[in-house]
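Below you'll find the structure, written out as structure tokens, and then a few comments.
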Number of protein chains: 2
Amino acid sequence: MKKHLTALASLVVLSGTVCLAQTPAIVEDFKPSTKNQPQREYPMVNSQGYARFRIVAPEAQNVVVSLGLGGQSGGTVLSKDAEGVWMGTTAGPMDEGFHYYHVTIDGGVFNDPGTLNYYGSTRWESGIEIPAADQDFYALKNVPHGNVVQILFPSPSTGTPRRAFVYTPPGYDADQSKRYPVLYLQHGWGEDETAWSNQGHANLIMDNMIAEGKIAPFMIVMTYGMTNDIRPGGGGGMRSFQIDPFETVLLKELIPYVDANFRTLADINHRAMAGLSMGGMETRTISLRNPDVFAYLGLLSGGTYSPEDLQGRSQVKLVFMSSGSKERPEGVINAEKALKEAGFNAVSYVSEGTAHEFQTWRRSLYQMAPLLFK
Amino acid sequence: MKKHLTALASLVVLSGTVCLAQTPAIVEDFKPSTKNQPQREYPMVNSQGYARFRIVAPEAQNVVVSLGLGGQSGGTVLSKDAEGVWMGTTAGPMDEGFHYYHVTIDGGVFNDPGTLNYYGSTRWESGIEIPAADQDFYALKNVPHGNVVQILFPSPSTGTPRRAFVYTPPGYDADQSKRYPVLYLQHGWGEDETAWSNQGHANLIMDNMIAEGKIAPFMIVMTYGMTNDIRPGGGGGMRSFQIDPFETVLLKELIPYVDANFRTLADINHRAMAGLSMGGMETRTISLRNPDVFAYLGLLSGGTYSPEDLQGRSQVKLVFMSSGSKERPEGVINAEKALKEAGFNAVSYVSEGTAHEFQTWRRSLYQMAPLLFK
């Protein structure tokens, strides 16, 4: 018993807070988050997944970071040190991967000046990256890189040029005779067309898989999935969301523009649509209303198809459905089973240890990409 | 005298502050700045160039916006209203165009949550746009649009892939036999390769000029002009700045990559270099040390060439030098005169009513573009 108490006491000393004996001590190997602005030390993350924040605001009354345990819930209350600097560490390890957050200072919501901003929750938020065991698949490496092309395409239906990003694989410019299949890939609610590149590293995932020979090159097109803000890159509220105007933009304006301006294989068998969360809902609705456009379908934390949904849809070559293990993964597992029994090529994927966040979707893209255009 | 006093009194009522009789009343036609985040009302700007800020931080002790008169100097102290919201209006009109700013809250530096962020001063800063009389030339219009292509090019000299943006003009993908001249265009100190597109609207300036037949299409390449932060898009301090590593990246890595992967006209007569501020210094140094690379040279608020600098340089087809009228415009005017007398095709341009800011450089690009590749 004495030995046990000694161990407990040493933990208290190490972490600076009262711990249960089974709580591991915080390992002091904190490094700057890879999502920090250039030359910014904080926020930092350690090998266990703890995050440590530092905010300079000497006259502030209270400073709270929206991130706590897990990544999404709770918050971390910072304490002011003798020099007027607010510091704090999450109460436990956070989920691997990318998290949005913000800082509440004296009742106002601001971004952490240490980090880059990412569009989520209909605002540009702070971002932090908890190193993941599998982070290699989306790392920036010395391999041939494709391009991410910003296009401004005409949109008579909304009255303004609209923005999309087009990933073209390495070699796209070298061989002018080659044409490529296309994945139309949608973001989630509150995000925009920048999300899959900035937060998702979709281009790096593709570059790495192509370099390793895991997939044949294809293109990815990412555009804004709402139309209730007329500015390119604008964000909107769910209350006013209607899918019809976006369906028009996607099918009547974007796809024809991409097919006219890039070397695509412009038929159903070389066209996929997938989306995360709200983007999955959009994929599901648009694919069911337009059976002749996409042969490959992906819902990433974005619902399921039933055999009834797809009855008579012999053009469907793949149904990919994924979920974080911390969401409700049984949904996609059961849907896969039912679709397989009905004769469809259905695949479910569950991302271990992640919730409704981008690490789930990075992994989902990584799992889905080799199954497309087969 | 009585009449005069009455007029003065009405001004006091209108503006809410004590004004001199000659200060015009603030016209209450404030609209959201075009650089706001989607659906954000504040900051607002009026037709006279005043900016009005609104920051929610009910428990804060003091809130100061770094922008004041003119655009760069001074600051605006906000006042807390009955609902705990901090409001304030600049003491006078600001210069037309784009301004960086930040908000100091209780002694800490943060961004205004209402605005988009722009990389300047080696951090992502808030941005605001004061409507300019000539804003049409960089407006987003229903004209054919070129692309802004993010490339990640190999850089053995720095050991990591590096990022650049390549503007390709409308029609680039349609006619696969056509090749284009290239302008290498550099940002200023504390900015990065995103500046010319995000703050400068270089792509929209080009799209509009091409649509109006004012220029023949050419490409623009924009990359990070420092090498002291290895991350793509990283920023560095001036103290540790050396031009040699950047010169290597530009001449030995980027230009060969662009010439190999895009349809360029890869010779001195179809290659220009220009830059703003520090980018002008880089243009000057690199062009003088490498006489066979660029025939068209532009220094935008970035110094001058003397006839001695260019002695014997018959390959130089154009020297363009510009300045805001609120900088020291006599430098570029005198340099033009001296260069012309020495037989060079030199052009100076002074942007009326602007300082060392992006409106000067947007206008400079607009003035310089028709003179290139003639």
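Of the residues considered (I55(B), N117(B), N111(B)), N117(B) shows the highest number of contacts with chain A, using heavy-atom pairs under 4.5 Å. Looking only at heavy-atom pairs under 4.5 Å with chain B, the residue among H145(A), H102(A), Q176(A) that has the most is H145(A). The candidate from N261(B), N147(B), D173(B) with the greatest count of non-hydrogen atom pairs under 4.5 Å with chain A is N147(B).
Residue contact with chain A, scored on non-hydrogen atoms closer than 4.5 Å, involves the backbone of V109(B) exclusively. The contact between A60(A) and chain B is made by backbone and side chain atoms together, counting heavy-atom distances below 4.5 Å. Only the side chain of N203(B) has a heavy atom closer than 4.5 Å to any heavy atom of chain A. Looking at P58(A), both its backbone and its side chain come within 4.5 Å of chain B, counting heavy atoms on both sides.
Salt-bridge annotation for E253(B) and R162(B): absent, with no side-chain N of the basic residue lying under 4.0 Å from a carboxylate O of the acidic one.
Listed by chain and residue number, D106(A), E59(B) satisfy the side chain to side chain contact (heavy atoms under 4.5 Å, CB included) test with N62(A) (two or more places apart in sequence, or in another chain).
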Would you give me the side-chain donor-acceptor pairs under 3.5 Å for residues 165-172 of chain B, sequence neighbours excluded?
residue	atom	partner	partner atom	Å
Y167(B)	OH	D207(B)	OD1	2.6
Y172(B)	OH	R263(B)	N	2.8

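Q37(B) and Y119(A) share no side-chain donor-acceptor pair at under 3.5 Å.
A donor-acceptor pair is defined here as one N or O able to donate and one able to accept, closer than 3.5 Å; no such pair exists between the side chain of E191(B) and the backbone of S121(B).
Here the side chains of V149(A) and F262(A) are in contact, with some heavy-atom distance below 4.5 Å.
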